[in-house]
Amino acid sequence: VLKISPTKVRNNLYFKASGKEAKTKFEVYDAYGNLLKVGLSSMVDCRNLVSGVYFINYDNKTEKFIKIDD
């Protein structure tokens with residue numbers, strides 16, 4: 001089962017399956033439903049996102065994550 005970590009992101013969001021990084025297609029949306037990022041990777045670079053709530057679609061599911069700054 002594919003999961004994202006961490007749910008509170010500073011720099012990068014990772015996709016993991018059985019504890020190992022796994023590549024998957026993803027889409028990142030802001031709280032207003034605007035599409036911000038699309039890709040195929042085991043990691044999403046979130047450094048250019050402003051602090052706030054985002055949604056990520058991957059592996060036929062949608063999950064919420066929060067971008068935080070140091």
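We're numbering straight along the sequence, starting at 1. A quick note: this is a predicted structure, and the numbers were derived from the prediction, not measured.
- Here the side chains of Ile68 and Val9 are not in contact, with every heavy-atom distance at 4.5 Å or above.
- The cluster map of Ile, Leu, Val, Met, Phe, Trp and Tyr, joined by side-chain heavy atoms under 4.5 Å apart, puts Phe26 and Ile66 in different clusters.
- Between the side chain of Lys37 and the main chain of Asp45, a donor-acceptor pair closer than 3.5 Å is present.
- Tested against Tyr58, the residues Lys3, Glu27, Glu63 include a single side-chain hydrogen bond (donor to acceptor under 3.5 Å, both in side chains) partner, Glu63.
- Between the side chain of Lys67 and the backbone N or O of Arg10 there is at least one donor-acceptor pair closer than 3.5 Å.
- The closest donor-acceptor contact from the side chain of Ser41 to the backbone of Met43 lies under 3.5 Å.
- A donor atom on one side chain and an acceptor atom on the other are not found under 3.5 Å apart for Thr24 and Asp59.
- Here CG of Asn48 is found 11.0 Å from CG of Asn11. Values are rounded to the nearest 0.5 Å.
- Within the 4.5 Å cutoff, the side chain of Phe15 has heavy atoms near those of the Ile56 side chain.
- Here the side chains of Leu2 and Lys16 are not in contact, with every heavy-atom distance at 4.5 Å or above.
- More than 12 heavy atoms of other residues, nucleotides or ligands lie within 6.0 Å of NZ in Lys61, so this atom counts as buried by the packing criterion.
- Connection of Val50 to Val44 is established within a shared hydrophobic cluster, with ILVMFWY side chains joined at heavy-atom distances below 4.5 Å, either directly or through further cluster members.
- Residue Cys46 comes nearest to Phe65 through the heavy atom pair SG-CE1, 4.1 Å, listed as atom of the first residue, atom of the second, then distance.
- For Tyr29 and Tyr54, the gap between ring centers reaches or exceeds 6.0 Å.
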